[in-house]
Structures are given as C-alpha cells and as structure tokens.
Amino acid sequence: MSRSNTAARYGSVAKTFHWLTALLIVSALAVGYFAHQAPYEDSAQLAFKATLFSLHKTIGLTAFLVAVLRILWAFTQPRPKLLNGDHRLEALAAETAHWVLYGAMVLVPLTGWMHHAATTGFAPIWWPFGQSLFFIPKDPVLAETLGALHYVFMLLLVLTLLAHIGGALKHAIVDKDKTLQRMLPGTPDLSDTPAQQPGHTLPFLGAATVWAAALYVGAFSGIFAPAEGAEPAAELAEVASEWQVQSGTLGIAVQQFGSEVIGSFADWTAEIAFDETATEGTHGSVTVTIAIGSLTLGSVTDQALGADYLNASEHPTAIFTADLLAAETGYIAEGTLALSGHEVPTTLPFTLTLDGDSAEMTGALELDRRSFHVGDTMTDESSLGFGVAVTVNLTATRGQ
C-alpha cells in the first residue's frame with residue numbers, strides 16, 4: 001500500500017494517523033471521566049486520582065502533537081473524494097464535521113495544556129516538557145476560563161465524534177459503499193466512483209458557525225462565570241490600628257506529589273502596635289485575622305477549604321495573636337495561632353525596615369498541618385507534605 005493519498009484512497013500514513021488519533025482521543029476521554037469520578041478521601045485515593053489525571057493529561061498532550069502532525073500531513077496530500085458527493089446536504093454535513101473535528105483535535109488538548117500551565121499543583125504531565133508555557137502565567141482566573149473552554153470544546157468533540165461514527169456506519173450498513181473501507185487497513189476495492197464534490201468554502205464556514213454556536217451556548221449556560229466557592233469568605237471588620245497596613249500579601253505553599261503549590265489569602269487584617277524605641281525587649285503586639293474562605297491555592301483550592309482540611313464553613317477565620325519582641329537579628333512575633341478549631345504556639349521571625357512613619361516588614365515560618373489536624377487522612381507525606389510555608393510581606397504607615 002502506498003504511503004501517500006490519491007484522489008481515490010488514503011495512504012498508509014494517513015490511516016495510521018487517523019487510527020492513532022482516534023485511540024488517543026478515546027483513551028483521554030475515558031481516563032479523564034474516571035479521574036473526575038475518582039474519590040480522594042485519603043492518601044491512597046488521592047494518589048490514584050492524581051495518577052489518573054496525570055495519565056489523562058499525558059495522553060491528551062500526545063494527542064495534540066499527533067493531531068498537529070496529522071493535519072500537517074493532510075495539507076501535503078490530496079484528499080480522497082467523497083463517494084456520495086452528489087448528496088449535497090449529506091456531503092456538506094460530512095465536510096463540516098471534518099473541519100469541526102480538525103479544530104477539536106487541536107483545541108481540546110491545547111486548552112487542557114494551557115489550563116494545566118496556568119494552574120499550580122496536582123497531577124503533573126509525565127512528558128519531560130509541558131509543565132508550563134512561556135505565554136501562560138500562573139493565574140487562577142485565567143485557569144478557570146481555560147478549564148471552561150476545555151470543557152466546552154470537549155463536549156463539541158464528543159458530539160462530532162458520535163456524528164462521525166454514525167456517518168461511517170451509515171455508509172457501511174445503509175449506503176453499502178466503500179467510504180469506511182477506505183480508512184481500514186489494506187487496499188479496498190475501488191469499484192465505487194467518487195461523485196461530484198462540494199466546495200470548500202461552505203463546509204469551512206459551517207464549521208466556524210458550529211464553533212461560534214458552541215461558545216455562545218457555553219457562555220449562555222454560565223459555564224464561563226467565575227465558580228463560587230464552597231463557602232463565602234468571612235467579612236472582616238475594619239480594625240483601629242496604630243500602624244495601618246497599606247499593602248501586603250499573606251502567602252502559603254505546600255508540597256503535593258513532589259510539586260510546590262502556591263496560594264494566598266486575599267482578605268486579612270492586622271492590628272499592630274509597635275514602638276521601635278522600647279528598651280524592655282517588647283516592642284508591641286499584633287493581632288492578624290484571616291478570612292479562610294479568601295484562600296486561593298491553585299487547582300486544590302476547593303479541597304483545601306473542605307471539611308477535612310481548613311474547614312472554612314465551621315472555622316471561617318484564623319487569628320494570630322502575638323507580642324513583638326527584639327531578636328538577635330530583626331524581630332519575632334511570638335504568640336498563638338488559632339486555626340481550624342485548634343490553638344498552637346507560633347513564632348514568626350521577621351525583618352523590619354523603618355523610614356520615619358513608614359515600615360516594610362517581611363517574615364516567614366513553616367507550620368506543621370498536623371498540629372492543626374488539617375488533612376488528618378493524608379498520612380503519606382509524598383502525597384501531601386506535612387509542612388506549610390507561610391510568608392508575610394507588608395508596608396504600613398504610623399497613624400498621627
């Protein structure tokens with residue numbers, strides 16, 4: 001059999017690309033479905049779920065690369081003519097589905113890859129590349145949009161595949177022509193004569209219309225709307241403070257399956273009393289109140305806020321109360337952190353740069369999640385690390 005296509009038959013390369021692409025797409029869809037359905041109530045279940053998602057992503061990226069090669073090959077080859085080209089509507093539908101499938105074969109895995117690149121944590125791709133894309137920042141809002149696009153395109157891919165399979169079976173069972181046989185291994189009997197072919201413009205425009213309709217329906221259904229968290233973040237009252245925080249970040253980082261997952265709390269307050277001229281060692285005090293529901297933590301945000309972890313519904317705030325003390329280098333905030341219903345003695349070393357009534361503070365510490373009974377079912381540190389790195393950066397001004 002010839003490697004190249006002719007006007008009457010597909011060559012061996014086109015057939016190989018066709019069936020390899022089909023195998024990869026069906027495998028990715030099946031693994032993705034089971035990955036979403038898999039529970040994650042303990043370390044073993046979470047590890048299995050992550051394995052399924054990694055397999056899904058790896059197959060998907062493979063499908064993307066194969067699809068690109070298939071399309072490049074197709075553009076160098078003549079395309080065998082339709083055997084039912086004189087059935088104008090049916091031929092137009094078949095050609096339209098052909099263009100929709102070409103788009104889906106690229107856009108479904110591409111948006112999945114981009115979603116992975118925009119998200120931190122959970123289920124790495126197993127290829128030695130692809131964990132990030134230089135043009136995709138780590139951004140939870142962007143990741144959410146890309147995830148929605150991936151889902152919409154996946155649905156369109158499934159529907160078009162079903163139509164494609166249905167059309168192939170119709171050719172074989174009802175029309176009894178050689179359309180399906182031309183894509184099977186071997187050389188078909190070409191006694192069937194290709195009929196007059198539809199033009200290229202209408203099918204391409206039809207495919208573009210289908211894609212636009214899919215995006216419109218997706219937007220109309222609300223799939224692109226920002227996802228609501230399991231629990232709304234607690235509304236924090238304003239605090240009267242000697243030092244007023246002007247800007248700052250409160251970040252955390254955890255290790256999951258050997259990868260760092262970085263997040264931050266969007267809503268927190270700090271009541272700070274500080275006197276740099278104190279001579280007794282104690283320079284003041286601080287009370288930090290954190291809205292737990294304001295956490296974003298990559299792809300595992302919902303899991304982190306759930307009942308087995310930070311339990312935001314039962315414990316909507318965390319409070320760190322401490323004295324500010326001089327240290328050999330810099331300062332320490334020594335006190336207690338109340339989190340998830342548990343109070344644990346906590347010390348935060350920090351550096352402070354003062355410029356009159358302005359201050360810049362940077363601090364970091366590591367907590368052990370087990371001290372607060374966060375993720376007690378996750379006993380395997382290779383699945384979810386015990387340590388939680390906390391970083392604090394802020395600028396503040398002293399009130400007059």
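Count residues from 1 along the sequence.
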Exercise. Should Gln244 and Arg398 count as side-chain neighbours, where that means a heavy-atom distance under 4.5 Å?
Worked result: no

For this session: Determine the minimum heavy-atom distance between Leu295 and Phe265, stating which atoms define it.
Result: CB-CE2, 3.6 Å

Exercise. Going by distance alone, is a donor N or O of one side chain under 3.5 Å from an acceptor N or O of the other, for Tyr40 and Gln303?
Worked result: no

Seminar exercise, completed: Here the gap from Gln77 atom CD to Phe17 atom CZ, rounded to the nearest 0.5 Å, amounts to 10.5 Å

Problem set entry | Closest contact, heavy atoms only, Ile332 versus Ala327 | CG2-CB, 4.1 Å

Exercise. What is the minimum heavy-atom distance between His283 and Glu276, and which atoms define it?
Worked result: CE1-O, 3.6 Å

Problem set entry | Contact summary for Ala207 and Trp99, nearest pair of heavy atoms | CB-CB, 3.5 Å

Exercise. Would you call Leu310 and Leu339 a side-chain contact if the rule is heavy atoms closer than 4.5 Å?
Worked result: yes

Problem set entry | CG (Leu89) with more than 12 external heavy atoms under 6.0 Å | no

Exercise. Is the closest side-chain heavy-atom distance between Ile272 and Ser241 below 4.5 Å?
Worked result: yes

Problem set entry | Nearest heavy-atom neighbours spanning Met361 and Leu348 | CE-CD2, 3.9 Å

Exercise. Atom NE2 of His56 and atom CD1 of Ile125: how far apart are they, to the nearest 0.5 Å?
Worked result: 10.0 Å

Exercise. Once you round to the nearest 0.5 Å, how far does OG1 of Thr16 lie from CG of Leu69?
Worked result: 12.5 Å

Exercise. So Leu156 and Trp211, side-chain contact (heavy atoms from CB on, under 4.5 Å) or not? Walk me through it.
Worked result: CA-CA 8 Å; Leu156 184 58; Trp211 281 102; 3.5 Å; yes

Problem set entry | Phe135 atom CZ: more than 12 heavy-atom contacts under 6.0 Å | yes

Exercise. For atom OH of Tyr102, is the number of surrounding heavy atoms from other residues, nucleotides or ligands below 6.0 Å larger than 12?
Worked result: yes

Problem set entry | Trace of the side-chain hydrogen bond (donor to acceptor under 3.5 Å, both in side chains) decision for Gln246 with Thr395 | CA-CA 6 Å; Gln246 302 302 312; Thr395 60; over 6 Å; no

Exercise. Among side-chain atoms of Thr362 and Asn393, is any donor-acceptor pair under 3.5 angstrom?
Worked result: yes

Exercise. Should the heavy atoms of other residues, nucleotides or ligands under 6.0 Å from NE2 of His36 be counted, would the total exceed 12?
Worked result: no

Exercise. With a 4.5 Å limit on heavy-atom distance, are the side chains of Leu133 and Met114 in contact?
Worked result: yes

For this session: Please step through side-chain hydrogen bond (donor to acceptor under 3.5 Å, both in side chains) for the pair His171 and Gln181, ending with a clear verdict.
Result: CA-CA 9 Å; His171 279 289; Gln181 188 177 340; over 6 Å; no

Problem set entry | Transitive ILVMFWY side-chain link Leu55 to Val108, under 4.5 Å | no

Problem set entry | Pair Phe372-Asn311, side-chain contact (heavy atoms from CB on, under 4.5 Å): steps then yes or no | CA-CA 11 Å; Phe372 301 91; Asn311 198 2; over 6 Å; no

For this session: Could you grab the distance from atom CH2 of Trp126 to atom OG of Ser54, nearest 0.5 Å is fine?
Result: 5.5 Å

For this session: Consider only side-chain N and O atoms of His115 and Glu144, and report whether a donor and an acceptor are under 3.5 Å apart.
Result: no

Exercise. Taking atom CD of Glu235 as the centre, does the number of heavy atoms from other residues, nucleotides or ligands within less than 6.0 Å exceed 12?
Worked result: no

For this session: Kindly compute the distance separating OG1 (Thr317) from CD1 (Ile292), expressed to the nearest 0.5 Å.
Result: 7.0 Å

For this session: Using the rule that two of Ile, Leu, Val, Met, Phe, Trp, Tyr join whenever any of their side-chain heavy atoms come within less than 4.5 Å, decide whether Met183 and Val26 are in one cluster.
Result: no

For this session: Looking only at non-hydrogen atoms, find the nearest pair between Ala104 and Leu157 and report the distance.
Result: CB-CD1, 3.6 Å

Exercise. Under 6.0 Å between the ring centres of His18 and Tyr10?
Worked result: no

Problem set entry | Glu271 vs Trp243 side-chain heavy atoms within contact, under 4.5 Å | no

Problem set entry | Side-chain heavy-atom pair Leu324, Thr282 within 4.5 angstrom cut-off | no

For this session: Answer yes or no: is there a side-chain heavy-atom contact under 4.5 Å between Val288 and Ile290?
Result: yes

Problem set entry | Enclosure of Phe257 CZ (heavy-atom neighbours >12, cutoff 6.0 Å) | yes

Exercise. So how far is it from Leu337 CG to Phe320 CZ, rounded to the nearest 0.5 Å?
Worked result: 7.0 Å

Exercise. Centres of the Tyr331 and Phe274 rings: under 6.0 Å?
Worked result: yes

For this session: Go through the side-chain N and O atoms of Thr62 and Trp127 and say whether any donor and acceptor fall under 3.5 Å apart.
Result: yes

Exercise. When clusters are formed by joining ILVMFWY residues with side-chain heavy atoms under 4.5 Å apart, either directly or through shared neighbours, do Phe350 and Val392 land in the same one?
Worked result: yes

Exercise. Any chance OH of Tyr151 has more than 12 other-residue heavy atoms, nucleotides or ligands included, within less than 6.0 Å?
Worked result: no

Exercise. Do Ile136 and Leu142 pass the side-chain contact (heavy atoms from CB on, under 4.5 Å) test, and can you show the C-alpha distance, the side-chain angles, and the key distance before you say yes or no?
Worked result: CA-CA 9 Å; Ile136 300 293; Leu142 177 61; 4.1 Å; yes

For this session: Using a strict 4.0 Å threshold on nitrogen-to-oxygen distance, state whether Glu381 and Arg370 make a salt bridge.
Result: no

Problem set entry | Within-4.5 Å side-chain heavy-atom neighbours: Val300 and Tyr309 | no

